[in-house]
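Ligands are counted one by one from 1 in listed order, and the atoms in each one are counted from 1 as well.
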Amino acid sequence: MPSGTQALSPLEADLLLLHPPAVFDFRGRRDLYLPFMGTSGDVPITPLYEYFPVGFKTLQRFLGDRGHGVRLLNLASLLLRYPHLDVDRVIEALDVGLLGIDLHWMVHVQGSLAIAQRIKRLRPDLPIIFGGISATYFAAELIGTPDVDMVMVGYDTHEPMDRLLRALRAGQSPSEVPNLWWKDRDGSIRQNGFSHQPRTFGCGIDWSSQPEAPAIKGLPIREILTTQNAGCAHDCSWCGGSNQAFRRINHCDHGRAHKSIDEVSYELGTLSRRAHVGAHHLYTVGAYNQSDRQLGAFLDGLAKVAVRSVSIEQFYLPPDELLARLAAANQRCTITLSPLIHDVQVAKLAGRGVYTNDEMEAWIDRALAAGIHGVDIWYFVGMPEQTDRLVFETIDYCEHLLARFAGANVNPMICPMIPFLDPGSSAFESPDRFGYHVFFRSLEQHRRGAMRASIINRINYETKWLSREALINVGFEAVKRLMEAKASVGMLPRSHVKRHNEAIDDVLEFLPTVHAADCIELPAERERELERLGDEIGRRNEQVLFGGVANQAFLLRRQPAGRWFDELGWPIEALEASAPSDR
Ligand code: B12
Ligand code: SF4
């Protein structure tokens with residue numbers, strides 16, 4: 001399938017940070033069914049999980065300021081946008097001293113390891129380093145794989161990476177670089193300890209240097225993301241970034257770390273220098289972890305940035321004073337709440353349940369009256385003691401919310417927790433205590449699991465109350481019902497909801513066939529049966545990964561360009577000349 005017309009020019013850097021697609025090589029795969037993932041809301045995501053860790057951007061600035069040439073390459077987005085681009089030609093064009101691959105989210109387990117293997121086969125000269133939350137958790141197993149030369153552990157890798165790049169440049173051994181696992185010349189594994197664990201971490205991102213969105217047809221997605229924390233003040237049992245999980249994964253005695261106020265102010269300041277700042281949405285994540293002083297400084301900075309809209313996550317219901325400040329900071333400020341389950345007692349078991357539904361509704365009235373533009377409310381499927389009945393009761397409650405706030409921007413959303421329960425989370429570590437059963441424990445089990453044809457078999461857990469099959473069936477049915485409810489109150493056009501729900505119906509209809517084939521015991525028979533389904537799987541995957549991004553609520557075909565993580569490595573003209581995107 002891949003065919004190009006021109007070779008790619010060398011991509012030169014001291015360090016290239018590469019973000020893999022969750023599944024390599026997803027293009028043309030007929031043996032792995034990637035179903036449409038509706039989340040009943042406005043989340044432009046694909047089964048490739050295209051976001052790279054925002055720390056790529058901070059590493060680029062921090063290391064760049066210290067004289068290292070750092071480039072970013074979002075391979076997931078590149079391969080999605082250029083379906084005919086030969087990945088081997090991308091690898092051949094790399095002229096880099098060190099190649100970094102993220103295994104931050106576990107969903108990239110297969111993609112990251114497979115691309116490392118491909119690179120090692122074609123370019124044994126390129127040293128490969130892994131980093132990220134999952135790489136930290138699985139460091140010992142990861143460094144044992146033949147294609148990984150180094151693993152940099154921890155939530156803050158700026159200074160260690162500076163030291164590593166300096167050592168490599170000087171031709172010295174990296175034996176003094178903290179947080180590093182590496183292999184010496186004879187292949188034996190060395191571990192330099194885990195001493196770099198600052199409480200103030202990272203640096204501000206320089207958004208002014210972000211490439212502008214190219215002129216494209218259709219709706220560009222102009223989104224910038226900012227987060228000021230690693231770890232968390234809270235302890236949701238299923239979360240791999242919770243206070244306890246953070247301590248566990250990073251082997252430290254603190255459960256979170258913050259960006260300094262100066263660096264946050266710097267970051268917001270750079271946004272103002274962007275040419276079309278007024279066209280951007282600013283997605284601020286994890287703001288609920290800030291102290292009053294930190295949040296105050298953040299809001300002061302926010303008020304000076306004329307972005308089009310802002311969304312901000314809150315754990316508790318923000319008090320009136322904060323509502324007023326948020327509304328003053330941006331005219332289109334959306335607050336994201338995550339009660340997770342409408343039943344407060346059950347929500348408490350998931351780490352939430354800190355307000356009742358009545359309190360939330362009264363608060364929404366106040367928030368809207370205070371000038372808050374909208375409220376997004378997230379519900380989840382796969383929590384302790386959550387039965388199918390409870391899931392559908394949550395949808396009943398969402399219908400009530402939609403009716404009560406009809407005409408206002410109050411948007412309940414629901415999604416199943418798939419495919420993985422976070423490694424390192426309390427529920428992953430002690431599944432029995434929380435009513436979970438975990439199917440894959442090791443890195444290798446996750447890698448193998450991620451290659452199963454059926455998404456049901458790719459899920460790494462089930463609960464006492466919802467089997468893997470039910471997580472999909474109940475989860476997708478719930479999304480469908482919620483979408484119908486949104487059409488009924490006029491929040492979404494009927495035609496969009498019809499297309500969205502037809503896509504889900506197709507998943508629910510086709511998946512049992514794939515699942516049955518994937519569950520056949522005898523490998524030869526299983527392969528034969530999956531081969532028979534190959535065309536049907538391939539056709540459906542193609543529909544989901546058509547070379548653009550499907551907005552999950554409105555199935556608009558949006559081209560992947562202009563988002564903060566659209567780092568395609570080469571100028572668009574060079575890529576078009578090499579492998580036209582056919583659009
Ligand atoms: C902000 C956030 C998001 C943002 C995106 C942030 C981003 N792009 O970085 C959004 C909301 C989009 C998001 C989405 C998802 N998230 Co999230 N997210 C978080 C959150 C709240 C903070 C993480 C964070 O940014 N920490 C900051 C630090 C730690 O990371 P960083 O600065 O980016 O990177 C540094 C290091 O990690 C390291 N590093 C990272 N990569 C590499 C690579 C190399 C080579 C090197 C050397 C170093 C290195 O160096 C960087 C600089 O110091 C955590 C929860 C928490 N409290 O931690 C969950 C969390 C990370 N997310 C999680 C999950 C599961 C997801 C989703 C898969 C959910 C889903 N099913 O859709 C998606 C994946 C989206 C995608 N990839 O397309 C899990 C991950 C668990 C796991 N081990 O897999 C977490 C832990 C908890 C949770 N359940 O929400 N997430
Ligand atoms: S899910 Fe819970 S523990 Fe995890 S980051 Fe969010 S509030 Fe913190």
Q) Any heavy atom of Ile418 sitting closer than 4.0 Å to ligand 1? A) yes

Q) Among all protein non-hydrogen atoms, which one is nearest to atom 2 (Fe) of ligand 2, and what is the separation to 0.1 Å? A) Cys236 SG, 2.3 Å

**Q.** Name of the residue among Phe56, Tyr283, Phe52 meeting ring-ring contact (aromatic ring centres under 6.0 Å, His included) with Trp564
**A.** Phe52

(Q) I need the atoms of ligand 2 closer than 4.0 Å to a non-hydrogen atom of Trp238, numbered in the order shown. (A) 1 (S)

Q | Contact atoms of ligand 1, heavy-atom distance to Gly240 under 4.0 Å | A | 86 (C)

Q: Identify, for atom 8 (Fe) of ligand 2, the protein heavy atom at the shortest distance, and state residue, atom and that distance.
A: Cys232 SG, 2.2 Å

Q: Could you tell me whether the side chain of Tyr137 reaches within less than 4.5 Å of the side chain of Phe428, counting heavy atoms only?
A: yes

Q) Of all the heavy atoms in Phe56, does at least one lie under 4.0 Å from an atom in ligand 1? A) yes

Q | Side-chain touch Arg468/Asn457, heavy atoms, less than 4.5 angstrom | A | yes

(Q) Judged on heavy-atom distance to atom 36 (C) of ligand 1, which of Gly131, Ala135, Gly154 sits nearest? (A) Gly154

(Q) Under a plain distance cut-off of 3.5 Å, with no hydrogens placed, do Ser77 and Glu50 share a side-chain donor-acceptor pair? (A) yes

Q. Considering only heavy atoms, does Tyr283 approach ligand 1 within less than 4.0 Å through its side chain, its backbone, both, or neither?
A. side chain

Q: Indicate yes or no: does an N/O atom of Phe52 lie under 3.5 Å from an N/O atom of ligand 1?
A: yes

Q: Return yes or no for this condition: an N or O of Ser242 is under 3.5 Å from an N or O of ligand 1.
A: no

Q | Shortest non-hydrogen contact from Tyr155 toward Ala230 | A | CB-CB, 4.1 Å

Q | Lys/Arg-Asp/Glu bridge criterion (N-O < 4.0 Å) met for Arg199, Asp253 | A | yes

Q | Pair His446, Arg441: side-chain N/O donor-acceptor within cut-off below 3.5 Å | A | no

**Q.** Atoms of ligand 1 close to Val285 [distance to a heavy atom under 4.0 angstrom, numbered from 1]
**A.** 1 (C)

**Q.** Structural part of Asp102 in contact with ligand 1, heavy atom criterion under 4.0 angstrom
**A.** both

**Q.** Check: Asn192/Trp182 side-chain N/O donor and acceptor closer than 3.5 Å
**A.** yes

Q. To which protein heavy atom is atom 5 (S) of ligand 2 closest, and what is the distance rounded to 0.1 Å?
A. Tyr288 OH, 3.4 Å

Q. So between Met161, His196, His108, whose heavy atom ends up nearest atom 47 (C) of ligand 1?
A. Met161

(Q) Applying a heavy-atom cut-off of 4.0 Å, say which part of Ile101 lies close to ligand 1: side chain, backbone, both or neither. (A) backbone

Q. Is it the side chain, the backbone, both or neither of Thr136 that has a heavy atom closer than 4.0 Å to ligand 1?
A. neither

Q | Closest to atom 4 (Fe) of ligand 2 (judged by heavy-atom distance), picking from Gly231, Cys239, Ser425, Ser237 | A | Cys239

Q. Which of these, Gln60, Met106, Glu50, has its nearest heavy atom closest to atom 82 (C) of ligand 1?
A. Met106

Q: Below 4.0 angstrom from a heavy atom of Ile133, which ligand 1 atoms are there? Numbered from 1 as shown, please.
A: 61 (C), 86 (C)

Q. Between Val54, Thr227, Asn229, which one has a non-hydrogen atom sitting closest to atom 27 (C) of ligand 1?
A. Asn229

Q) Heavy atoms only: which of Phe380, Tyr155, Trp105, Trp564 is nearest to atom 16 (N) of ligand 1? A) Trp105

Q. So which bit of Arg352 gets within less than 4.0 Å of ligand 2, heavy atoms only: side chain, backbone, both or neither?
A. side chain

Q. Within His234, is some N, O or S atom less than 2.8 Å away from atom 2 (Fe) of ligand 2?
A. no

Q: Hey, can you tell me if Phe440 and Phe420 have their rings parallel, tilted or perpendicular (30° and 60° cut-offs)?
A: perpendicular

Q: State plainly whether the residues Arg163 and Glu159 are in salt-bridge range, i.e. N to O under 4.0 Å.
A: no

Q) Is a donor on one side and an acceptor on the other found under 3.5 Å between the side chain of Thr227 and the backbone of Val285? A) yes

Q) What atoms of ligand 2 come within less than 4.0 Å of a heavy atom belonging to Phe315? A) 7 (S)

(Q) Side chains of His258 and Thr200 only: does a donor on one sit below 3.5 Å from an acceptor on the other? (A) no

Q. Does a side chain donor of either His104 or Ser134 reach within less than 3.5 Å of an acceptor in the other side chain?
A. no

Q. Which of these, Tyr49, Phe130, Trp238, has its nearest heavy atom closest to atom 70 (C) of ligand 1?
A. Tyr49

(Q) Measuring from atom 58 (O) of ligand 1, which candidate in Ala22, Gly241, Cys232, Gly132 has the nearest non-hydrogen atom? (A) Gly241

Q | Qualifying residue for side chain to side chain contact (heavy atoms under 4.5 Å, CB included) with Leu17, from Leu99, Val70, Asn74 | A | Val70

Q: Compare Thr157, Ile129, Leu48, Ile128 and give the one whose heavy atom is closest to atom 50 (O) of ligand 1.
A: Thr157

Q. Going by the order shown, which atoms of ligand 2 are within less than 4.0 Å of some heavy atom of Ser242?
A. 3 (S)

Q) Shortest non-hydrogen contact from Lys183 to Thr145? A) NZ-O, 2.8 Å

Q) Does any donor atom in the side chain of His234 or Asn243 lie under 3.5 Å from an acceptor atom in the other side chain? A) no

Q. Is there side-chain contact between Leu443 and Leu103, with heavy atoms separated by less than 4.5 Å?
A. yes

Q.
Does the residue Gly202 have a heavy-atom contact with ligand 1, meaning some pair of atoms that are separated by less than 4.0 Å?
A. no

